Each structure stands twice: as structure tokens, then as C-alpha cells.
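Counting starts at 1 for both ligands and their atoms, in listed order. Quantities reported herein were computed from a predicted structural model and do not represent experimental measurements.
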Amino acid sequence: MASIKEVIHCRVCNSTNLHVFLDLGKMPTPNGFLEKKELSRKEELYPLVVANCRDCSLTQLKYIVNPEIMFRNYLYIPSVSQTRLNNFKQLAEDAMKRVKLSSDALIVDVGSNDGSLLTVFKNLGYEVIGVDPAENLVVVAELNGIPTKQGYFTEEMAERIKRSKRTASVMFATNVFAHVSNIKEFLLGIHTLLNKEGIFISQFPYIIDLLKENQFDTIYHEHLSYFSIHSLLRLAKETDLDIFDIEHSPLDGGSVKVYWKKKENTKLPVKTKQIQSFLAEEKRLGLFTDKPYNEFAKRVKKLRISTRQRMDELRKKGKSIVGYGAAAKGNVMLNYFGLGTKVFDYIVDSTPYKQGKYTPGTHIPIFAETKILETKPDYVLIMAWNFKDEIIKKNHKYSATGGKYIVCIPEITIL
Ligand code: DWN
Ligand code: ZN
């Protein structure tokens, strides 16, 4: 595949009726952190343009970057965020309430990263297998005791796991759906590997929250799709899988947990009322019209102006500002707003692999979190706003010395 490809047909319904509503400009991929020696090299920039399908309401990127560029060596890990680990524990407990696991049950996590979710099951004595394309993270996961297949999850990969082991009782894909281009083939793989009574749980940020809360920074090259329940149900119809339940959760600014089973499994009841209420809300908000997307784009453009102004004012007053959390979303915010080393002295992040590196496009140095108390900046802009509570709690000593926090989602606010 070339390094970039234009999307002409909707990934779910094949329509060409795609309405481009926001162009965030050209920028590097959001996890393309740089070594010091790479700073003088020209970075590859890719368009970040998003569209909604007027026929099935799937929001999707208009240009997709070759996944090998983004995922073969991946610096993001979930285990440095306690909120995420808590979510994994809850997901595991939830799955075990819904499926009675026999002692020889196999649990599979697709996009298993460093193996954090599967560790919960492994510690309970179940056999687990992870699947992830990142070569560096497969090594980390294996060191953590989680057997992991390197690669993308396809029907062929599903067949291979089934042949070498057996079918799975529970399968997960947390924050993975959005990353997959051929989502139909992905679901066929789930169908192949899942056993008759098994369940598959997918969890991802919900388009309604994204639009309502101005979460434009969740839009980036790694996220090809921003699913509505309408679009997902349409997809499900083309597979032999049923969505039998959907739950909303506050994770990542608003996510949905979607529960799938094989159609042939009639033991698990389909929660029709619950699913219908999501569909009704999407209709009410006009997800099949251009309006909510155009209004979102207007607010995002305004947010860019107001944030830049606010940062400018603070800098003119001689205030020092640093960033907290070199998240992928943070890099989208920095690049789209055009905020770099003139505004931020540095960024801190708990991920060891990001420390010592520089942010893509904006070249801000990244340090360990302890740097905050060493330099006591006037303001800390929390770029990982989804972990705002965890970050503020953890840094109570900084607040005690008079330090202030800023967030810019949904609005630029000094806390
Ligand atoms: O879907 C994706 C999500 C799940 O993870 C991926 N495409 C990429 C990645 O997105 P992100 O980088 O925006 O994810 P997070 O989990 O919101 O990133 C938070 C960042 O903040 C991490 O780099 C860790 C850092 N952090 C920190 O430094 N101190 C987080 C916490 C909670 C902290 O206390
Ligand atoms: Zn469509």
C-alpha cells in the first residue's frame, strides 16, 4: 500500500455520498514521536480530513495512512494510566458475569498492546492470547507473560489461532475498531474464532460524545472510523453476528461498550429496548443530516482561536506553561492549534518510551512527571483531558504550591 490512500466509498455501506465537514490540516501521525537526532529531518505530513456518510451515518477519515507506518513500532501503552487499568478490570468482571467460563476457557484480546487486559484473566488462571501488530509491544507483552501473535487480526489469523488452540469464550477489542480499515473482514475473523456461547466486547469512543463535547482531538490518522450505533448495526447485519447489548460509559470522554454474539446463540437475549434508545437518540440529534457535523466543525474552529488567544495572553504576562500527557490526542491539539515550543516549555508523560523524545510536528521535549514539581510552572495544560481527575489527584503537591491547570476540551478553561 502507498503511504496514503483517499477514501471514496464508505467503509460500512459503500456509498460515495461522503460529506467532508472538517479539515484539520496536514500533520505527522500522532504517535510519531522523534528522537533528538531526528529533529532536523523533514517529517512526513498527512492530511487529516473527516467526513460523514450521509447514507449510514459513519463518520470516517477521508485519507488513510498505511497502518505499517503507524503501528509496527508503537509507543502508546495503557498500563501507565490507572483509569484504563480499572476499566480493564471492570470489563473482565463484566464478561465473567455474562459468560460462565469453564476452567479451559480461552480469552482473546485483539489489539492487546502490552497485555494489560489479558493479565486480569491470566491471573485468574485462564488461557489467554493477544493479537497486536506492534513488534516492540509483542516483546513487552510476552515478557509480561502474555502469549501474543504479531500481526493484524484477519479471518486467516483467526483460523490459525483456532487450529493451534481452540475457539474463544470471550474476545475483546478495546479502542481497536476505529483503527481497522476492513472492518467486515475483522468481524468475520471474530465469527471464526468465537465459540457458540462466547461473547465479543468492543469498546470505543462514541460519536455523539465526540460531537457534543468538541473532542476534535480524538480525530487522527489512527482512527479511521467514528461509529454511530446505526452504522454498526448495519455492519452487523452483513455478518453472522448479533449486537445483543450496548452500554454507555464515561471512559475517554464518553465511550460505548458493544456486546456481540453469534446469531446461532439464542440463549443470550437481545436487549432491543436498550439498543433502540441509542438509535432514537442518534435520530433526534440528526446524525443522518449534515447539521451536527457542520456545527461541530464551527465550534472547533472557534476553539482554535480562543485557545491560541488565551495561551498568547498568558505568555505575554510572562507565565510558564507546560503540557501533561503526550497523548496522541494532545499531538493533534498542538498541531491543529499551532502551539509549540514558544508556548510550552516541556511536556510530561508517564510512558517510559515517550520520555526523552519530542512531540511530532511541534518538537516539544518530553520528560517524566516528576519534572513538574522540580520546575513548578504557573500553568499545566492537561492534554490527556480524559484522565484529568487521575492527573490532578496524583499531583496534589503541585496544586498545593499554587499551580493551576488548563483544559481545552470542551472549552478552554482554567480550572
Ligand atoms: O485509541 C487509542 C487510545 C486508546 O490510546 C490510540 N489510537 C492511541 C492512544 O490515544 P492517546 O495517546 O490519546 O491515549 P490516552 O490513553 O488518552 O493517553 C494518555 C497519555 O497521558 C499517555 O501517554 C499516558 C499519559 N499519562 C500521564 O502521563 N500521566 C496518563 C495518566 C493517567 C497520567 O497520570
Ligand atoms: Zn455509509
*How far apart are the closest heavy atoms of Glu222 and Tyr74, and which atoms are they?*
OE1-OH, 2.6 Å

*Have a look at ligand 1 and work out which part of Lys329, if any, has a heavy atom under 4.0 Å from it: side chain, backbone, both or neither.*
both

*Knowing that exactly one of Phe186, Phe177, Phe172, Phe71 qualifies, which makes a ring-ring contact (aromatic ring centres under 6.0 Å, His included) with Phe153?*
Phe186

*asked:* Counting only nitrogen or oxygen atoms and a 3.5 angstrom limit, does Tyr324 reach ligand 1?
replied: no

*SB check Asp109 Lys122 (cutoff 4.0 Å)*: no

*Which class fits the ring pair Phe200 and Trp260: parallel under 30°, tilted 30 to 60°, perpendicular over 60°?*
tilted

*Between Glu295 and Lys301, is the closest basic N to carboxylate O distance under 4.0 Å?*
no

_Sidechain N-carboxylate O distance under 4.0 Å for Asp23, Lys62_ = no

*Under 3.5 Å between some N or O of ligand 1 and some N or O of Asp349?*
yes

*Would you check whether Tyr220 has a nitrogen or oxygen atom less than 3.5 angstrom from a nitrogen or oxygen atom of ligand 1?*
yes

*Check each heavy atom of His223 against ligand 1 and say whether those closer than 4.0 Å belong to the side chain, the backbone, both or neither.*
side chain

*What angle sits at the Zn ion (ligand 2) between SG of Cys10 and SG of Cys53, to 10°?*
110°

_ligand 1 atoms in contact with Ala384 (distance to a heavy atom under 4.0 Å)_ = 19 (C), 21 (O)

_For Lys394, I'd like to know if atom NZ has over 12 heavy atoms of other residues, nucleotides or ligands within 6.0 Å._
yes

*Any N or O on Asn31 sitting closer than 3.5 Å to an N or O of ligand 1?*
no

*What are the atoms of ligand 1, with element, lying closer than 4.0 Å to any heavy atom of Ile391?*
33 (C), 34 (O)

*Identify, by atom number and element, the atoms of ligand 1 in contact range of Arg84, meaning under 4.0 Å from any of its heavy atoms.*
4 (C), 15 (P), 16 (O), 17 (O)

*Output the list of atoms in ligand 1 that are nearer than 4.0 Å to some heavy atom of His179, sorted by atom number.*
1 (O), 6 (C), 7 (N)

*Counting heavy atoms only, which part of Tyr74 comes closer than 4.0 Å to ligand 1: side chain, backbone, both or neither?*
side chain

